[in-house]
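First the proteins, then the strands, lettered A, B, ... as listed; each starts at 1. Predicted, not measured: the structure shown is a model, and the values here were computed from it.
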Amino acid sequence: MSSVSSQPQFRYTQPPSKVLHLRNLPWECTEEELIELGKPFGTVVNTKCNVGANRNQAFIEFEDLNQAIQMISYYASSSEPAQVRGKTVYLQYSNRQEIVNNKTTADVVGNVLLVTVEGEDARMVSIDVLHLVFSAFGFVHKITTFEKTAGYQALVQFSDEETATSAKNALDGRSIPRYLLAEQVGQCSLKITYSAHTDLTVKFQSHRSRDYTNPYLPIAPSAIDSTGQVAVGVDGKKMEPESNVLLASIENMQYAVTLDVLHMVFAAFGDVQKIAMFDKNGGLQALIQYKDVQTAVVAKEALEGHCIYDGGFCKLHITYSRHTDLSIKVNNDRSRDYTMPNPPVPMPQQLGQNPYTGNPQQYHAAGGSHQQQQSPQGGWVQPGGQGSMGMGGGGHNPYMAPPSSSSMHYGPGGHMPPQHYGGPGPMH
DNA sequence: AGCACA
């Protein structure tokens, strides 16, 4: 028996059905508007909005077939077409006899939006751009992004349904403004539905997920992608292997960074055993060895993305090295072993490279220094632009203070009293 | 402006 298989997709005249197919609807036509439209002819018992590729079609189902017939007949002979918000709506009998009432989660209003970014370069749209776009409608609590078969998607959490709805109405089907995208990035449009979620779980700040309500949330080691060094562990499920040795690369090195500067910066978090500096790809990198992994983790989270000098100069990017023990052959201006009993090292040279004051006080270690604050943030410039964690409010230090016990004694050489550098001490 | 479901 093949009763329906040879039916054409549609005809100009469908056999009557209590289900009507509507097209040319305005964007985001609501169920209420559809009920309103059908009300003069009978009782609308079910609707389905946002149908079709453009989501500008819908179905309404009347209680009774005659009601549907009345509506079709009326508009067939009316001089005024059916309208929603002034837009002409075209009606016909549906080729089905009832609306399958799967109200998908996409139709249930909620405070979390499911956003699909469409376009060749959809993946080039950063979470920061999304944040910017959606923040226009209210405070964005959290964003997570992920890849599904549907493509590049994001969940955007607002505080309430109203805010989410205003964002959805305004942005669904729209393109991300050009000026927010890099030159070579093609058009990216947004398709938005409601998500069934009400509260997203964000374990780490990363390039894939953000919790804007919690600046103290740990930063995923993989969060910083500007140097393309790390790309694992996005959900906080998997992190790059931690190490007691950090690899620091210095970006925008407008001013010299010496071994002593690095030592000062990194010693704020605990004993630095060894440092080796070297040039790589035209930039300066350094390996900094702590005695344990924990200290390195604290230092990395505190320093990553921050600048040694105000003004965005000498920005640090830090990853874990695969080394565990550096082999320092000779102590010189590029490498040093602070654990050596009698290191033949000179006193630290004058650190006169500071572009502003000519003294090293400008940069002082993070971790709760209070003695010489010259800037409201305690000297560490907020990471700029991409990778910004959006923290900094409240005057709290977003990263942990290192244990003061281990940060106050240096190697046997003992030539650099840390107090001079405003290293972390007990808070007063 | 032309028929949904995940």
Side-chain angles (χ1 to χ4, degrees), chain A residues 2-38 41-42 44-65 67-110 112-118 122 144-156 168 172-173 189-198 200:
Chain A
S2 58
S3 52
V4 272
S5 58
S6 58
Q7 281 274 345
Q9 188 64 21
F10 65 85
R11 315 165 174 161
Y12 286 101
T13 56
Q14 293 285 122
S17 164
K18 60 188 185 182
V19 180
L20 302 184
H21 175 222
L22 319 194
R23 34 184 222 277
N24 202 37
L25 288 161
W27 291 108
E28 290 305 312
C29 180
T30 64
E31 176 176 41
E32 286 71 30
E33 288 171 309
L34 298 180
I35 293 172
E36 205 59 37
L37 191 67
F41 308 97
V44 176
V45 295
N46 206 350
T47 66
K48 180 140 194 65
C49 312
N50 304 320
V51 169
N54 294 329
R55 304 167 54 96
N56 58 354
Q57 299 173 45
F59 298 93
I60 62 178
E61 179 178 338
F62 282 103
E63 184 179 49
D64 187 82
L65 176 63
Q67 297 169 353
I69 293 173
Q70 286 199 25
M71 185 167 182
I72 291 293
S73 306
Y74 174 82
Y75 284 114
S77 58
S78 168
S79 55
E80 291 294 318
Q83 292 188 336
V84 171
R85 285 182 235 161
K87 200 160 184 254
T88 296
V89 174
Y90 300 91
L91 309 171
Q92 68 189 151
Y93 297 115
S94 171
N95 56 18
R96 302 199 200 177
Q97 294 304 306
E98 61 181 15
I99 291 177
V100 301
N101 66 348
N102 330 318
K103 282 240 165 195
T104 64
T105 67
D107 296 318
V108 178
V109 176
V112 177
L113 299 177
L114 173 62
V115 179
T116 306
V117 185
E118 298 185 326
T144 62
T145 63
F146 49 92
E147 294 277 346
K148 276 283 181 64
T149 48
Y152 178 54
Q153 294 188 303
L155 290 164
V156 180
K168 178 174 180 292
D172 190 21
S189 59
L190 302 175
K191 285 284 161 54
I192 305 177
T193 63
Y194 294 103
S195 162
H197 290 93
T198 56
L200 305 174

Worksheet item: Can you tell which of A:Lys48, A:Gln14, A:Gln92 makes a side-chain hydrogen bond (donor to acceptor under 3.5 Å, both in side chains) with A:His21?
Response: A:Gln92
Fill in: Nucleotide nearest A:Asn24 (side chain, heavy atoms from C-beta), chosen from B:dA1, B:dA4, B:dC3
B:dA1
Worksheet item: Side chains of A:Tyr93 and A:Ile69: does their closest heavy-atom pair fall under 4.5 Å?
Response: yes
Discussion item. By the 4.0 Å heavy-atom rule, please label A:Glu61 as base, sugar-phosphate, or nothing.
Written reply: nothing
Worksheet item: Nearest-Å distance, NE2 (A:His21) to C1' (B:dA1)?
Response: 9 Å
Discussion item. Rounding to an integer number of Å, can you tell me how far A:Gln14 CD sits from B:dG2 P?
Written reply: 14 Å
Worksheet entry | Atom pair distance, as rounded to whole Å: CD in A:Gln97 and P in B:dC5 | 19 Å
Discussion item. Just N and O in the side chain of A:Gln57: are any of them under 4.0 Å from OP1 or OP2 of B:dA4?
Written reply: no
Item to complete: Verify the ring-centre separation between A:Tyr74 and A:Phe41: is it less than 6.0 angstrom?
Response: yes
Item to complete: Please determine, for the side chain of A:Val51, which listed nucleotide (B:dA1, B:dA4, B:dC3) has the closest atom?
Response: B:dA4
Worksheet, complete the sentence: In whole angstroms, the gap separating C1' of B:dC3 from OH of A:Tyr90 amounts to 17 Å
Worksheet, complete the sentence: Taken to the nearest whole Å, CG/A:Asn56 to P/B:dG2 is 6 Å
Worksheet item: In whole angstrom, what separates A:Phe59's CZ from B:dA1's C1'?
Response: 13 Å
Worksheet item: So, is A:Arg96 near the phosphate of B:dA4, with a side-chain N or O under 4.0 Å from OP1 or OP2?
Response: yes
Worksheet entry | Whole-Å distance separating the CZ atom of A:Arg55 from the C1' atom of B:dG2 | 18 Å
Worksheet item: If you check the A:Arg23 side chain, which of B:dC3, B:dG2, B:dC5 turns out closest?
Response: B:dG2
Discussion item. Which residues pass the salt bridge (Lys or Arg N to Asp or Glu O under 4.0 Å) test with A:Arg55, not counting sequence neighbours?
Written reply: A:Glu28, A:Asp172
Worksheet item: When the distance from CG of A:Leu22 to P of B:dC3 is rounded to whole Å, what number comes out?
Response: 13 Å
Discussion item. Could you work out, with salt bridge (Lys or Arg N to Asp or Glu O under 4.0 Å) as the rule, every residue matching A:Glu147, not counting sequence neighbours?
Written reply: A:Arg123
Worksheet item: If you find the nucleotide of DNA chain B closest to A:Asn54 and the one closest to A:Ala150, which residue's nucleotide is nearer the 5' end?
Response: A:Asn54
